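To start, the structure itself, in structure tokens.
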Amino acid sequence: MYYFDNSATTLKKPDAVAQAVFHAIADGQLGNPARGSHTASLNALRLTESVRSKTADLFGASTVAFTANATAALNMVLKSLLTPEDHIITTVTEHNSVLRPLYQLEEQGAELSFVSIDEQGKLSYPEFAALLQTNTRAVVVNHASNVTGNAVDLERIGDFCSKNDLLFIVDASQSAGILDIAMRRQHIDVLCFTGHKGLYGPQGTGGICLGEKPLAFRPVFTGGSGFHSFDKKMPLDFPAIFEAGTQNVHGLAGLDAGIAHVQHIGIAEIGSRLDQLTRRFYGKIKDIPGITLYGCFDEKHRRAPVVSLNLADWSSGDLSDALFMDFDIAVRPGAHCAPLIHTAFGTERQGMVRFSFSTFNTLAEMDYGADALRQLAFI
Ligand SMILES: Cc1ncc(COP(=O)(O)O)c(C=O)c1O
């Protein structure tokens, strides 16, 4: 199979990731972290803390809480920090893992404003200032759109947030391990990530990274913390406040290996390899008759390795099925859980076919995928 659905999850992982998960279980050395003083519990605690500090280093975070994925991280952060009195600025490019928690807050009284995009899917940056209200509390944006692959200018938005004393919350689901993230330089207060995409970790891993600013989180999910067991309330300390219950230590062992892989190659090198693949594919398909491409492919524009398209009036589902049945190509059709960007592009009914790449893809695969599209265009 030609796997071009890496924005959904990276299918091929470094061998070291599979080995790490295997050994985490097979060696029988990892107990429940922070639940005892025997060797197995301490081994698990040491492993968890080591992955925590490597993850913090990767993003320039002060500390990290682990969660099951970005969806859990975003839900916890948004519901923990924001209140019905708040106004929140977000964008039409967001994923439902941002939109749906925000809509729940809206039902409770919070106000939402959405920054729009231009015809290339780029944010209309002046709108951030224009949307500011006296009760604006936070800006929530994705670093890279899972639909167009366009990256946003985090420095610019972070600078705006810091000047206006707003919380800056970033969804790095499509950029962690792919694009440069430096929380301090980009003035990011909270960064939510998932482990199973560009970090090449196992599914079931992700987390919440904190910047420098101290934040008063409210518990939204409570349970066993391994300490203060007689308190009726969840401890408020970070990361304990978000880590109720047993951690996914076996998964974190795999995430550790995924992060090591990313650090070994280096974000700059990964970014340039992925850019080469994306631009090769884009270059080969851009003139196919009937093709519509979404996103900004200008040379200087930073982007995640995503190319979303439509071919004439094919439904994205039919085109994806044809790619799979006739060419053994795996892509993602439909709305990609990001409804507002489809409204902006007018693709609510057709959806889009998304090709997304990882460092395990090759230039030859780009040529194969482009050739398949060309053949389908002439049916
Ligand atoms: C931009 C964006 N945010 C959040 C998510 C949610 O990630 P997860 O499913 O790992 O929670 C995704 C997943 O595709 C995404 O693309």
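A quick note: this is a predicted structure, and the numbers were derived from the prediction, not measured. Counting starts at 1 for both ligands and their atoms, in listed order.
Counted by atom type alone, Asn32 and Thr246 present one or more donor-acceptor pairs between their side chains at under 3.5 Å. At a cut-off of 3.5 Å, with distance as the only test, a side-chain donor of Tyr200 or Thr359 sits close to an acceptor on the other residue.
Salt bridge annotation for Arg302-Asp153: absent, with no cationic side-chain nitrogen under 4.0 angstrom from a carboxylate oxygen.
Residues that satisfy the side chain to side chain donor-acceptor pair (under 3.5 Å) test with Glu348, not counting sequence neighbours, are absent from this structure.
Using a 4.0 Å heavy-atom criterion, the residues that approach ligand 1 are Ser7, Asn69, Ala70, Thr71, His95, Ser97, Asn146, Asp171, Ser173, Gln174, Thr194, His196, Lys197.
Of the candidates Phe281, Tyr2, Tyr3, Phe357 forms a ring-ring contact (aromatic ring centres under 6.0 Å, His included) with just one, namely Phe281.
Between Ile270 and Arg273, the closest side-chain pair of non-hydrogen atoms is not below 4.5 Å.
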